[in-house]
Amino acid sequence: MKKNFLIPVLFLAASLHTQAQDSLRLHKDTIALKGVTIASKKQFVEMKPGKLVLNLANSPLAAGSNILEVLELAPGVKVDAEGNISYNGKPVTVYIDGRPSYLNKEALKNLLTGTQGQLVDKIELISNPSAKYDAAGGAMVNIRMKKEKGLGTNGTATVAAGAGDYARTSASVFLNHRARGLNVYGGIDGAYGKRSATREHTREVNGFSVNGHENSVTESRNFNLRGGLDYEINKKSAAGLTFTLGHTGSQLARADESRFYSHSPNPDSVLNASTSGRNNTWIPALNAYYKVTLDSTGRSLAINGDAYAYRRDPENLFSTWSTHAQPYILRDHSPQEVAIQSLSADYTHPSKLGKFEAGIKAIHIQTETDTRWEEQTGKGWMNDAGKTNVFIYREWISAAYLNYARSWGKWSLETGARLEDTRTRGNSLTTGASFSKHYLRFFPNAALQFSPDDNNEFSFSYRKSINRPGVSAVNPFLTFRSKYNYTRGNPGLDPEIAHSLELTHGWKGMLFTTLSYMRYNGVVTEVNEQEPGSQVLYNTYRNLSYSEWLFAGITFSKALNKWWSMNAALQGGYIRYHYDTAALLEPSPGYFFSNVHSFNIPDWFNLQLAFNYSSRVSSGLDIMEPVWGVNMAIQRSILQKRGDLKLNVTDIFRSRKMGAIANYHGVQTGSTTYNDARAITFTFTWRFGNSSVKASKTRKSGIESEKGRIGQ
């Protein structure tokens, strides 16, 4: 890896050569810039009351990284080894350009790891969303993709190459044509790479223990096609549509060695397991909208329709062998299809008393999982009836909301309520078993803001939300992981209900202090249990009584001078779980620190350094071990600022190892995972076409306001 650290020096040398060439054009460029206002670059991290914004558009830290890796740099954001995301301790719902993704955990992870950071304009993290948003999830992550705003035809092309343990490449092209009243855009991007992963795992119960080591390599090819158009029908109405088509193809090779012990320093047996497989995932989506301004007061109506699909088609071969048993060989072909349709209408009514908003929404989600397992025997491949199952899960959600916002003097208020009716039904075509649930929930929210002077701003917010169990959590059939490890859903799960309180103080737009409290009733939690009378460990889900989360944080963001700006955040948290029938670990507080520095030397380069650290923390249910990392990125503009060269080095010290310990009903488990986070990537971006003609500042059509579509 020492050679990798010579590359930034060579990169700077090339930049100096380009700078010498650019200096020959200095007089000409100075004349051309007369009368033009040069806006300063936005900081990578911006803090606002109730919202955190990551500005990725021109950040070298985003180049060569996927969205999930970029999110790990945000203050208060935690991404675990499984790809679960939390913000200030709250699980998040991911939105794309203002619309909910509706994806399950695996599909969402595929989407975020398959989308390159340089394609994103900014990421907004909202701690307590209003009633306009779906009640699911605690916090919200809104990913806004890049979209050109200049008139004429222009585009961007990007290529990147790099390596971690293995090589990685990506490329993208995006085109945009904007005329008055019409905007058409589209793009294509793809990525290829191999990533390694290592995992150490342990299990102890009643004097019996297992120590294991796992190595895996995943080769993936990601492809995304997206486009759309916005059309101004007249001065009062606009319509448009967007579409995306994503594909991920991957191949997995994994080997695991587990040593079994019982009252002896030497292993009783050694179990070896290997997994090889492939998976193809397709994600098409379509959105159509219509918006009309009803009168001069600003009353408007927006209608949105969304159709979303997700299909994964995995095939895997599992082989298990030991010195005391015959090889156990299984294969599976378990396609899954998810179809989602939603229709919504939102009405906005400004008045002298404030702004009123109301809306309705209907969502239907159907998931069909066809799990097929075969075991290799002396007679060939035979169906394994104990693992084969066809499971269909449907969810119908009907919602209505009312929101009110008003400002007066130094005060502003936003309050609202949302009513959601949920019906679910699960059906196993294999066994004939079925179950259903129906519940109606009311979700109020409120946010009050007080600005006593130009330097201080206080805000208080409350939100009630819901987290519904996913399909895998309620599917009662066994899902095979290894010969001694299964996953089994629990159809009796209830949704968890969350209450969140948050108090924030902002000083001069640069120093923010936050105190928040969350209580989750009926927490849906994955737990480990051991099959009675056997060595089989299975993961399942339970509703715990409740959990309490207390967080305090301080964030400082400031341009220290013309060329140096920084963002620093320190957060402390305490999490405690309560369960009536099991003794849990003693909880202990933890803290999270992050620091991002940006050095901008005009006409030379932009350098960014990022560091974050999470301490050891116990929630009572599990213990998370400390984890830290350092990233560095440098950017240099060339070709008369139509091109950018970027170098990004992630996890420089190979320190992002995620460790966890859990103890549930006497079953103690532990794991340490490392996912090939250290990598170096070169990226080149070229902007072409008409970039000098800008839209009129006085023009604001229905399309412009529709860019911020949220809560649809």
Side-chain angles (χ1 to χ4, degrees), residues 43-55 70-80 84-93 122-129 137-142 445 447-451 455-463 465 498-520 547-558 560 565-576 587-598 610-619 624 626-629 631:
Q43 296 188 48
F44 178 68
V45 180
E46 282 188 301
M47 285 293 297
K48 300 178 181 180
K51 180 190 293 188
L52 180 145
V53 180
L54 296 182
N55 293 303
V70 173
L71 278 172
E72 291 182 300
L73 303 178
V77 173
K78 294 277 290 182
V79 181
D80 65 18
N84 296 306
I85 308 169
S86 63
Y87 176 50
N88 289 341
K90 306 173 186 177
V92 304
T93 300
K122 60 185 176 181
I123 298 177
E124 300 169 330
L125 295 107
I126 302 174
S127 185
N128 277 337
M140 190 190 92
V141 171
N142 186 25
N445 72 278
L448 181 65
Q449 186 170 301
F450 173 60
S451 303
N455 295 330
N456 292 280
E457 192 170 68
F458 297 88
S459 61
F460 171 79
S461 63
Y462 162 77
R463 183 177 189 247
S465 60
H499 299 269
S500 174
L501 297 168
E502 187 166 284
L503 179 64
T504 302
H505 171 246
W507 180 72
K508 290 188 175 182
M510 67 176 71
L511 183 66
F512 291 85
T513 306
T514 302
L515 181 64
S516 61
Y517 170 80
M518 288 86 71
R519 177 179 171 120
Y520 295 88
S547 66
E548 294 177 297
W549 303 58
L550 182 63
F551 276 80
I554 184 168
T555 301
F556 178 72
S557 181
K558 181 176 174 58
L560 302 178
S565 63
M566 61 91 70
N567 178 282
L570 176 63
Q571 294 176 317
Y574 180 79
I575 307 170
R576 181 173 61 175
S588 62
Y591 68 92
F592 173 85
F593 175 75
S594 68
N595 198 1
V596 178
H597 291 264
S598 295
F611 167 78
N612 54 35
Y613 173 82
S614 294
S615 72
R616 194 174 196 262
V617 58
S618 171
S619 64
M624 303 302 297
V627 60
W628 63 279
N631 292 5

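This one's a predicted model, so the numbers in the text were calculated from it and none came from an experiment.
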| Just wondering, do Y87 and M140 contact through their side chains at under 4.5 Å, heavy atoms? | no
| note | Closest heavy-atom pair, E502 versus S127, reported as atoms and distance to 0.1 Å, is OE1-OG, 2.7 Å
| request: Supply the atom-to-atom distance N456 CG to S451 OG, rounded to the nearest 0.5 angstrom. | output: 9.0 Å
| field | Separation between CG of N567 and CG of N595, rounded to the nearest 0.5 Å | value | 7.5 Å
| message | Restricting to non-hydrogen atoms, name the atom on G506 and the atom on F512 that form the minimum distance, rounded to 0.1 Å. | response | CA-CD2, 3.8 Å
| field | Residue among V627, N612, V617 satisfying side chain to side chain contact (heavy atoms under 4.5 Å, CB included) with F592 | value | N612
| message | On a heavy-atom basis, which atom in N128 and which in S461 lie closest, and how many Å separate them? | response | ND2-OG, 2.9 Å
| task | Not counting sequence neighbours, which residues clear ring pair (Phe, Tyr, Trp, His ring centres under 6.0 Å) with H505? List them please. | result | F458
| said: Apply side-chain contact (heavy atoms from CB on, under 4.5 Å) to residues W507 and N455 and explain how you reach the verdict. | reply: CA-CA 5 Å; W507 180 72; N455 295 330; 4.2 Å; yes
| query | From H499 NE2 over to N445 CG, what is the distance, rounded to the nearest 0.5 angstrom? | reply | 13.0 Å
| Can you say whether the rings of F593 and F611 are parallel (under 30°), tilted (30 to 60°) or perpendicular (over 60°)? | tilted
| note | By salt bridge (charged side-chain N to carboxylate O under 4.0 Å, His left out), R519 pairs with (sequence neighbours left out) none
| task | Check ring pair (Phe, Tyr, Trp, His ring centres under 6.0 Å) between F460 and all other residues, then give those that pass, not counting sequence neighbours. | result | none
| field | Gap between atom CE of M566 and atom OG of S598 - 0.5 Å precision | value | 10.5 Å
| field | Any donor-acceptor pair under 3.5 Å from S615 side chain to Y591 backbone | value | yes
| query | Side chains of Y517 and E548: do they bring a donor and an acceptor to under 3.5 Å? | reply | yes
| Atom pair CG/OG of L550 and S516 - distance to nearest 0.5 Å | 7.0 Å
| request: State the CZ-CG distance between F551 and L515, to the nearest 0.5 angstrom. | output: 11.5 Å
| Nearest heavy-atom neighbours spanning Y574 and P587 | OH-CG, 3.3 Å
